[in-house]
Amino acid sequence: MARKVNILMIYTGGTIGMVKDYASGTLKAFDFDELIESIPEINQLDCNLEGISFETPIDSSNMNPKYWVEIASIVEENYNRFDGFVVLHGSDTMSYSGSALSFMLENLSKPVIFTGSQLPIGDLRTDAKENLITSIQIASLMKSGKSVIQEVCLYFEYKLYRANRTTKISAEHFEAFASPNYPPLAESGVHLKVDEQYLWKKPKKQHQLMVHKEMDCNVGVLKLFPGLGEPFLNAVLNTPNLKALILETYGAGNAPLDDWFLKALKERVDSGQHIINVTQCTGGGVAMGQYETSAKLQKIGLINGKDLTTEAAVTKTMYLLGSGISNKIFKSVFETSLRGEIH
Ligand code: ASP
């Protein structure tokens with residue numbers, strides 16, 4: 001008889017585990033044991049479940065790289081004892097955290113599934129139960145003694161996505177996430193269907209898990225808009241210690257042709273700052289050179305963010321800066337797929 005799989009739930013906070021504080025009318029986190037008690041169905045699952053919680057569960061708007069290191073360390077310390085990990089996390093910054101962890105955990109051969117909910121677990125119409133139960137089932141999937149999913153994913157409202165391809169698209173609908181540039185890895189209907197062709201395949205050689213904990217936050221994001229002024233651009237580019245800027249451009253990676261604009265970018269690139277071109281469109285990507293308005297950016301030496309989400313661009317930049325790779329190879333490494341995040 002096949003042995004039961006061991007799943008570790010990592011509770012960081014988020015709406016999923018919140019209750020209404022009737023005095024103030026706001027939602028506040030409650031503790032992990034109470035959360036589990038609200039889902040008796042969990043005991044029917046065919047796996048051994050254990051849980052570990054942040055000392056103080058947080059609203060994910062308070063998320064930061066220190067907490068990412070905490071999640072990565074929990075996975076690292078428990079990696080040999082468990083077959084899969086389910087991270088309960090607020091939906092607001094879940095795509096950032098899922099993207100960050102995908103870079104921090106290199107050579108994963110086990111699933112790390114982020115999930116959460118739009119309504120608290122205690123709410124009658126909650127989406128939390130399905131999200132949590134199916135995430136645990138997906139994390140438990142095994143084939144020939146190996147985990148079916150071997151990457152960092154995000155499960156929400158019947159769909160499993162590669163986490164570093166997701167973005168939060170709704171503060172209202174249960175379908176809160178989308179993965180505009182990569183298909184779902186699995187869907188939960190009457191059957192749980194995994195689309196194996198889209199799963200991340202590790203490089204052939206079997207490497208050990210490597211956990212990277214240095215995330216360099218000297219990163220900025222600037223979204224272009226018609227009317228963006230020179231003083232504002234210069235203030236951003238001259239931010240003390242800024243090492244990289246994610247520039248959210250228009251359409252297929254286009255930006256204005258004004259001399260002052262291009263000159264300011266060129267100066268910063270020449271002085272060693274990395275400027276990454278990602279599109280502010282939800283779907284599709286940057287095709288530098290397709291229009292005159294992007295050919296100039298290419299010439300200046302901007303990095304091609306292709307079809308990266310902003311969330312993946314920010315966290316990939318923090319990870320690569322933290323890894324200490326040289327400025328010389330930064331551009332070519334950035335433009336390469338490391339965890340299936342980019343085309
Ligand atoms: N504010 C909450 C959080 O991100 C929202 C949620 O969990 O859906 O923690």
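By convention here, the first residue in the shown sequence is residue 1. Both counts, for ligands and for their atoms, begin at 1 and track the order of listing. Scope of the values below: all heavy atoms of this structure, side chains included, with no hydrogens, waters or symmetry mates.
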(message) Walk me through whether D127 and L119 qualify under side-chain contact (heavy atoms from CB on, under 4.5 Å).
(response) CA-CA 6 Å; D127 51 332; L119 284 176; 3.8 Å; yes
(request) Run the numbers for me: atoms of ligand 1, each under 4.0 Å from some heavy atom of G14, listed by number. (result) 7 (O), 9 (O)
(request) For atom 4 (O) of ligand 1, grab the closest protein heavy atom and report residue, atom and distance to one decimal in Å. (result) S60 OG, 2.6 Å
(request) Compute both the distance and the angle, then confirm whether K110 meets the cation-pi test with Y79: under 6.0 Å from the six-membered ring centre, within 45 degrees of the axis. (result) yes
(request) May I ask you to identify the nearest protein heavy atom to atom 8 (O) of ligand 1, giving residue, atom name and distance to one decimal place in Å? (result) S91 OG, 2.4 Å
(message) Polar contacts were defined as any N/O atom of the residue lying under 3.5 Å from an N/O atom of the ligand; does this apply to K168 and ligand 1?
(response) no
(message) Would you say that S188 contacts I138 through its side chain, given a criterion of any heavy-atom pair below 4.5 Å between the two side chains?
(response) no
(message) Students should be able to answer this: which protein heavy-atom is nearest to atom 6 (C) of ligand 1, and at what distance?
(response) T15 OG1, 2.8 Å
(message) Going by the rule ring-ring contact (aromatic ring centres under 6.0 Å, His included), which residues pair with H212 if we only count those two or more places apart in sequence or in a different chain?
(response) Y319
(request) Flag T93 as yes when one of its N or O atoms lies below 3.5 Å from any N or O atom of ligand 1, and as no otherwise. (result) no
(request) Consider only side-chain N and O atoms of T249 and N277, and report whether a donor and an acceptor are under 3.5 Å apart. (result) yes
(message) Going by side chain to side chain donor-acceptor pair (under 3.5 Å), T310 matches just one of K223, Q280, E248. Which one?
(response) E248
(request) Heavy-atom distances under 4.0 Å are what count here, so tell me which part of A176 touches ligand 1: side chain, backbone, both or neither. (result) neither
(request) Applying side-chain contact (heavy atoms from CB on, under 4.5 Å), name anything that partners N78, two or more places apart in sequence or on another chain. (result) L8, I74, R81, F82, F85
(message) Quick check: D92 and ligand 1, any N/O pair under 3.5 Å apart?
(response) yes
(message) Please list, in number order, the atoms of ligand 1 under 4.0 Å from a heavy atom of S117.
(response) 6 (C), 7 (O), 8 (O)
